[in-house]
Amino acid sequence: KAGVTQTPRYLIKTRGQQVTLSCSPISGHRSVSWYQQTPGQGLQFLFEYFSETQRNKGNFPGRFSGRQFSNSRSEMNVSTLELGDSALYLCASSPDVGQTFTEAFFGQGTRLTVV
Amino acid sequence: AQTVTQSQPEMSVQEAETVTLSCTYDTSESDYYLFWYKQPPSRQMILVIRQEAYKQQNATENRFSVNFQKAAKSFSLKISDSQLGDAAMYFCAYNTNAGKSTFGDGTTLTVKP
């Protein structure tokens, strides 16, 4: 079974631009979560999508948004990029069978640098 | 709000020795899950071990074991017979709602040959 795939792996953007990151979960996984990882703030939860609906949301400004498609693939969008958005963005998927949570399977991340 | 605290930013261990990484958490929930993840320099987060709060028995996975103290809200990770490949950043994580995990700030483990 293929793991969680995130594209692109590396990205350099200019302040003020917008960016879209993609995440393909493990086949059969319906829950996709996004995290921002920075040296100073650790791993911060952005949001989670389940069956095309945002089920959980972290404390990030509205510039951060996401969506999930019917095949469970998810995209994350950041508009009006700021220097502080430079980070490793991690995507994780989980099977979410009923109410039983097993574990989150992580992708390798997208390293975003804003200049 | 749930919080996870890892009080040891850095730890080091001699190869073949044992090391314990600490984690405490704060929650008002009675049913939840706790995890230890390993993040090597490649940045791939890998699950090391998981513990369901309703289980009193401590989880064990080969050389990795936990000491889960529910009343004290403590969840430490013990690595026995440390190997060079164990060098990584280790994150303690809490989850009560599928899809949203709260992570500690991580502990960087160095293994000395």
Side-chain angles (χ1 to χ4, degrees), chain A residues 3-6 9-10 23 25-26 29-51 53-60 66 68 72 74 87-112, chain B residues 1-10 21-25 27 29-55 59 61 64 66 75 77 88-108:
Chain A
V4 178
T5 304
Q6 290 187 248
R9 291 289 309 281
Y10 302 91
C23 173
I26 292 172
H29 288 193
R30 296 188 297 168
S31 169
V32 175
S33 302
W34 289 90
Y35 295 85
Q36 180 195 66
Q37 185 177 16
T38 58
Q41 297 294 320
L43 272 120
Q44 301 292 315
F45 173 76
L46 281 154
F47 31 65
E48 182 228 359
Y49 286 86
F50 179 79
S51 292
T53 301
Q54 186 180 87
R55 188 164 65 172
N56 286 291
K57 188 177 189 305
N59 297 321
F60 277 81
Q68 187 180 34
S72 293
S74 177
L88 179 70
Y89 289 88
L90 292 168
C91 166
S93 74
S94 59
D96 195 1
V97 179
Q99 293 298 313
T100 302
F101 182 76
T102 54
E103 65 177 276
F105 295 81
F106 284 83
Q108 290 190 287
T110 294
R111 169 73 67 187
L112 172 65
Chain B
Q2 293 85 14
T3 58
V4 177
T5 303
Q6 293 179 247
S7 59
Q8 308 152 315
E10 298 179 350
L21 308 183
S22 301
C23 173
T24 58
Y25 57 95
T27 183
E29 302 287 340
S30 59
D31 193 19
Y32 49 87
Y33 304 85
L34 295 164
F35 304 85
W36 277 99
Y37 284 92
K38 169 185 175 181
Q39 187 180 42
S42 68
R43 294 295 185 178
Q44 180 78 54
M45 292 277 276
I46 303 163
L47 178 71
V48 174
I49 199 165
R50 64 190 292 260
Q51 174 82 43
E52 292 90 341
Y54 65 86
K55 290 186 178 179
E61 287 288 340
F64 299 88
V66 299
F75 182 62
L77 174 70
M89 179 164 277
Y90 287 80
F91 291 94
C92 177
Y94 164 99
N95 187 297
T96 187
N97 187 345
K100 177 182 177 181
S101 294
T102 301
F103 286 80
D105 289 338
T107 297
T108 299

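Each chain gets a letter, A, B and so on, in the order the sequences are listed, and its residues count up from 1.
Atom CG of B:Leu47 and atom CZ of A:Phe105 lie 7.5 Å apart (nearest 0.5 Å). The line from OG of A:Ser94 to CG of B:Asn95 is 8.0 Å long, rounded to the nearest 0.5 Å. Rounding to the nearest 0.5 Å gives a distance of 5.0 Å between OH of B:Tyr37 and CZ of A:Phe106. The distance from the CG atom of A:Leu43 to the CD atom of B:Gln39 is 6.5 Å, given to the nearest 0.5 Å. Note that CD of B:Gln44 and CD of A:Gln108 are 4.5 Å apart. Values are rounded to the nearest 0.5 Å.
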> Which is it for A:Gln37 and B:Phe91 under the side chain to side chain contact (heavy atoms under 4.5 Å, CB included) test, yes or no, and what are the steps along the way?
Replying inline: CA-CA 12 Å; A:Gln37 185 177 16; B:Phe91 291 94; 3.4 Å; yes

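Here the closest heavy-atom approach between residue A:Leu90 and residue B:Arg43 is recorded as CD2-O, 4.3 Å.
With sequence neighbours excluded, no residue satisfies side-chain hydrogen bond (donor to acceptor under 3.5 Å, both in side chains) with A:Thr110.
Other residues, nucleotides and ligands contribute at most 12 non-hydrogen atoms within 6.0 Å of the CG atom of A:Asn59.
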